[in-house]
Student: 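I am attaching a structure below and will ask some questions about it afterwards.
Each ligand, and each atom within it, is numbered from 1 in the order the structure gives.
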Amino acid sequence: SLVPARFETRTVTGLVKGHAYSVTAVEECKPSQLKESKVRLVRLRNPWGQVEWNGPWSDNSKDWTTLSKTEKEKLQHQSAEDGEFWMSFEDFKKNYTKIEICNLTPDALEDDKIHKWTVSVNEGRWVRGCSAGGCRNYP
Ligand SMILES: *[C@@H]1O[C@H](CO)[C@@H](O)[C@H](O)[C@H]1NC(C)=O
């Protein structure tokens with residue numbers, strides 16, 4: 001989510017302050033002009049189904065012309081006002097302040113070499129900040 005704000009406000013880059021977005025994909029691609037470097041991209045979705053990021057790698061950004069047709073197809077790049085858009089991982093890190101990862105069981109996560117995952121079960125009770133969800137404005 002973005003920096004918490006008293007009221008949800010739309011920024012000049014099209015992001016809404018205090019708003020929670022879903023990460024729907026991550027990809028690494030190689031613009032044809034740049035020989036070495038790869039670009040890491042994150043696809044996000046505004047749950048409103050509209051109001052999108054208009055910065056680098058957004059729907060109609062010229063950044064897309066640096067990719068081959070194959071790369072573009074891999075990313076399923078679409079220019080539709082559907083609330084879904086891509087941005088670079090660098091911009092993602094700069095523009096978002098908090099990420100929550102939901103996973104039903106740790107065995108669905110393949111790699112446990114770097115991070116260890118643990119399970120905690122709170123049967124029959126809601127524990128604030130642990131098993132109680134609630135509205136993200138009042139977690
Ligand atoms: C978000 O990313 C844009 C594009 O790089 C940048 O101009 C802006 O400063 C970033 N926002 C923050 C809060 O860093």
Student: Can you list, by chain and residue number, every protein residue with a non-hydrogen atom closer than 4.0 Å to ligand 1?
Tutor: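 Answer by chain and number: Trp53, Asp91, Lys94, Asn95.
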Student: What is the ring orientation for Tyr21 with His19, classed by angle as parallel under 30°, tilted 30 to 60°, or perpendicular over 60°?
Tutor: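 Perpendicular, since the angle between the ring planes exceeds 60°.
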Student: Give a yes-or-no answer on whether the side chains of Thr24 and Arg43 include a donor-acceptor pair shorter than 3.5 Å.
Tutor: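 A donor-acceptor contact under 3.5 Å links the two side chains.
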Student: Would you call Glu73 and Lys69 a salt bridge, using N to O less than 4.0 angstrom?
Tutor: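 Here Glu73 pairs with Lys69 in a salt bridge, since their nearest N and O are under 4.0 Å apart.
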Student: Check the pair Ser58, Glu52 against side chain to side chain donor-acceptor pair (under 3.5 Å), reporting the backbone distance first and the verdict last.
Tutor: CA-CA 8 Å; Ser58 58; Glu52 299 182 5; over 6 Å; no
Student: Please enumerate all residues that pass salt bridge (charged side-chain N to carboxylate O under 4.0 Å, His left out) together with Glu27, with sequence neighbours excluded.
Tutor: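 With sequence neighbours excluded, Glu27 shows a salt bridge (charged side-chain N to carboxylate O under 4.0 Å, His left out) to Lys74, given in chain and number order.
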Student: Is it true that Arg125 and Glu123 make a salt bridge, defined as a side-chain N closer than 4.0 Å to a carboxylate O?
Tutor: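 So Arg125 does not pair with Glu123 through a salt bridge.
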